[in-house]
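Note that the numbering runs from 1 along the sequence shown for the chain.
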Amino acid sequence: MTAHTPEGPVVVTGAGGFIGSHLVEALVGAGHRVRAFVHYNGAGSHGWLDTFGPDQLAGVEVVAGDIRDRGMVQRLVDGASVVYHLAALGGIPYSYLAPQSYIDTNITGTLNVLESARVAGVGRVVVTSTSEVYGTATTVPMTEAHRLRGQSPYAASKIGADKLAESYHLSFGLPVVTLRPFNTYGPRQSTRAVIPTIISQLAKGSGMVELGALRTTRDLLYVTDTVAAFQAVGTASHDEVVGRVFQAATGRETAIGELVRRIAAMFGAQPEVVVTDSRLRPAESEVERLVGDACLLRAHTGWQPATGIDDGLKATVEWFLDPGNLARYRTDRAV
């Protein structure tokens, strides 16, 4: 089968975020014209795109707006060949406080992208899912057939978005692919996530790390591997990927307590680890175990992770320890 070759610009929603900014960078490097959609704000910030140099932004059209605005999204996708839809409200703890925001952004926002792409005749839409849609693993390694369980308002909103994508393919023939990365980490990630939380606290040199549950396990995927998975499903032939859900995962799980030990060793530290209530999920909401099987993605696109956890953690620690990078973060917040 021949690869899908975009002719119009490639749209990336959520382009100013962690994964989105890395995807923009990779697409530009591959020679694509990119229309990068960032969340409009009064400060005029374009997120991580503000850290890009002129060469990185060559061929990038930055568009500020709101994924919840249907008319704005329609204008965004008109003429696009591929839409990579990454815009979402993340952060599980905040979803307990403001669940309506997650419905509006993650479900209605995805509906706007799908409907706009249908009207515009976009050649492919890649919708971003998350391993959180599964809840705690009932079988391991987890495949795409694992049952879905919304153990947080965030997870429920992403399940809703996934099902909308499925419905638009089955109802209207929209060429949708759903990519479900497991726990992506790396440079530019928010300190809401566990790895930047550990690194930023160790960087203070206080000798103590405050965390939530320590025995939970996650399948940790370095950001460049996640980006490669997006590119793989965005360019593979129609018959190989359209209408399918694919996981991007390593097939290996790491407990949070073990993660602390690995990262602390890179600092030459032995911190006291303190479990704090503010960092714990409600008991029935905690996802105890996540470990994925990426055989389907590998079979249909040839993708496989290239970065081992030790190399990925080392690169992430080095990036965060750059004073200019660390200064961009607030390290005193659990949500």
Side-chain angles (χ1 to χ4, degrees), residues 1-41 44-67 69-88 109-110 112-128 165 168 174-179 181 184 186-188 223-238 240-242 248 301-303:
M1 298 291 181
T2 57
H4 176 65
T5 53
E7 294 179 359
V10 174
V11 168
V12 179
T13 73
F18 163 43
I19 300 174
S21 63
H22 283 280
L23 179 58
V24 169
E25 197 170 15
L27 290 169
V28 169
H32 294 287
R33 290 181 294 127
V34 179
R35 193 176 293 162
F37 191 56
V38 301
H39 188 222
Y40 174 83
N41 58 85
S45 170
H46 293 163
W48 286 110
L49 297 186
D50 287 341
T51 67
F52 285 20
D55 290 345
Q56 291 171 294
L57 289 174
V60 178
E61 175 192 1
V62 181
V63 179
D66 195 314
I67 203 71
D69 188 307
R70 169 76 170 79
M72 182 79 205
V73 175
Q74 186 66 66
R75 294 191 296 275
L76 174 75
V77 306
D78 282 347
S81 56
V82 180
V83 175
Y84 292 95
H85 176 43
L86 285 77
T110 298
N112 289 340
V113 169
L114 295 168
E115 179 62 15
S116 297
R118 184 184 73 84
V119 170
V122 172
R124 183 165 302 173
V125 181
V126 180
V127 171
T128 310
Y168 262 71
L174 187 68
V176 176
V177 186
T178 299
L179 181 66
T184 302
R188 305 179 195 153
V223 65
T224 54
D225 288 327
T226 299
V227 165
F230 275 104
Q231 293 176 286
V233 298
T235 58
S237 71
H238 179 99
E240 290 290 343
V241 297
V242 166
T301 70
W303 175 90

Within residues 47-65 or reaching into it, pairs that qualify as salt bridge (Lys or Arg N to Asp or Glu O under 4.0 Å) - sequence neighbours excluded: Arg35-Glu61

Shortest non-hydrogen separation from Val126 to Leu179 and the atoms involved: CG1-CB, 4.4 Å

Close side-chain approach of Asp66 to Met72, heavy-atom, < 4.5 Å: no

Rounded distance [0.5 Å steps], CZ in Arg75 versus OG in Ser116: 10.0 Å

Expected output: side-chain Thr301 to main-chain Ala236 donor-acceptor under 3.5 Å: no

Closest heavy-atom pair and its distance - His85, Thr110: NE2-OG1, 3.1 Å

Contact check, side chains of Leu76 and Val83, non-hydrogen atoms, under 4.5 Å: no

Minimal non-hydrogen separation, Gly186 against Val223, with atom names: CA-CG1, 4.3 Å

Nearest atoms (heavy-atom pairs only) where Leu57 meets Phe52: CG-CB, 3.8 Å

Whether Trp303 side chain and Asp225 backbone form a donor-acceptor pair below 3.5 Å: yes

Spacing of CG belonging to Leu86 relative to CG belonging to Leu23, to within rounding of 0.5 Å: 6.0 Å

Sequence-distant partners of Ala15, side-chain contact (heavy atoms from CB on, under 4.5 Å), two or more places apart: Val12, Val24, Ala36, Val38, Leu49

His39 NE2 to Ile67 CD1 distance, which is reported to the nearest 0.5 Å: 9.5 Å

Check: residues 226-233 side-chain donor-acceptor pairs under 3.5 Å, at least two apart:
residue : atom : partner : partner atom : Å
Thr226  : OG1  : Thr184  : OG1          : 2.8

Leu114 and Val127: CA distance, side-chain angles, deciding distance, side-chain contact (heavy atoms from CB on, under 4.5 Å) verdict: CA-CA 9 Å; Leu114 295 168; Val127 171; 4.2 Å; yes

Any residue meeting salt bridge (charged side-chain N to carboxylate O under 4.0 Å, His left out) with Asp78, in chain and number order, not counting sequence neighbours: none

Non-hydrogen side-chain atoms of Tyr84 and Thr128 separated by less than 4.5 Å: no

Smallest separation among heavy atoms of Val176 and Ala165, with atom names: CG1-CB, 3.8 Å

Interatomic distance, Glu25 atom CD to Thr224 atom OG1 [nearest 0.5 angstrom]: 10.5 Å

For Arg33, salt bridge (charged side-chain N to carboxylate O under 4.0 Å, His left out) partners two or more places apart: none

Closest non-hydrogen atom pair, Glu115 against Tyr168: OE1-OH, 2.7 Å

Pro175: partners by side-chain contact (heavy atoms from CB on, under 4.5 Å), with sequence neighbours left out: His238, Val242

